[in-house]
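Written below as structure tokens is the structure these notes are about.
Since we're looking at a predicted model, the values are computed, not measured.
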Amino acid sequence: MERPSDEGLCQMIVEENITDLICGGIEELHFNFLEWKKVAIRDAIIGGWQDALQLFLAGTLQSGDILPISTNNHLTL
């Protein structure tokens, strides 16, 4: 997506049958919509995406987690 909107991202998540979402923050309206669509959301995650993914795959990532700094690359905008 060239310039994704919140609504466009939500639509893409539903259309692609995404079951889990890891994010740093999400508006309540979109949180409620995705939760209603049965998407499991881990919100308020602070840290690198690789670390977050590893913890998610291990089943230990929780909303609000602040991940320790590691040598993994961090996603930047």
Side-chain angles (χ1 to χ4, degrees):
M1 300 179 77
E2 187 173 315
R3 299 195 95 200
S5 67
D6 296 342
E7 290 78 14
L9 288 171
C10 285
Q11 181 179 355
M12 183 181 70
I13 289 167
V14 171
E15 287 175 355
E16 296 294 327
N17 297 315
I18 304 296
T19 58
D20 294 88
L21 173 66
I22 301 169
C23 62
I26 186 170
E27 291 185 28
E28 184 177 5
L29 174 71
H30 300 108
F31 181 96
N32 292 337
F33 172 76
L34 292 172
E35 192 174 55
W36 175 65
K37 290 292 191 173
K38 308 290 187 224
V39 176
I41 303 167
R42 278 119 182 128
D43 183 22
I45 304 298
I46 299 173
W49 70 269
Q50 291 172 330
D51 298 324
L53 181 58
Q54 283 181 335
L55 292 173
F56 169 76
L57 294 173
T60 59
L61 185 68
Q62 300 294 319
S63 289
D65 280 353
I66 299 173
L67 309 180
I69 296 173
S70 73
T71 58
N72 290 338
N73 293 330
H74 295 272
L75 179 62
T76 58
L77 300 176

Residues that L53 engages under side chain to side chain contact (heavy atoms under 4.5 Å, CB included), provided they are two or more places apart:
W49, F56, L57
For W36, what are the other residues in its hydrophobic cluster, where any two members join if their side-chain heavy atoms are less than 4.5 angstrom apart?
I13, V14, I18, L21, I26, F31, F33, L34, V39, I41
Pairwise distance OG(S5) to NE2(H30) - rounded to 0.5 angstrom:
7.5 Å
Considering non-hydrogen atoms only, spot the tightest contact between L67 and G48 and give its length.
CD1-O, 3.9 Å
Per the salt bridge (Lys or Arg N to Asp or Glu O under 4.0 Å) rule, what does the pair list look like for residues 19-46, sequence neighbours excluded?
D20-R42
Which salt bridge (Lys or Arg N to Asp or Glu O under 4.0 Å) pairs, counting each pair once, include a residue from residues 4-19, with sequence neighbours left out?
none
Those residues that, when tested against T60, pass side chain to side chain contact (heavy atoms under 4.5 Å, CB included) (two or more places apart):
L55, A58
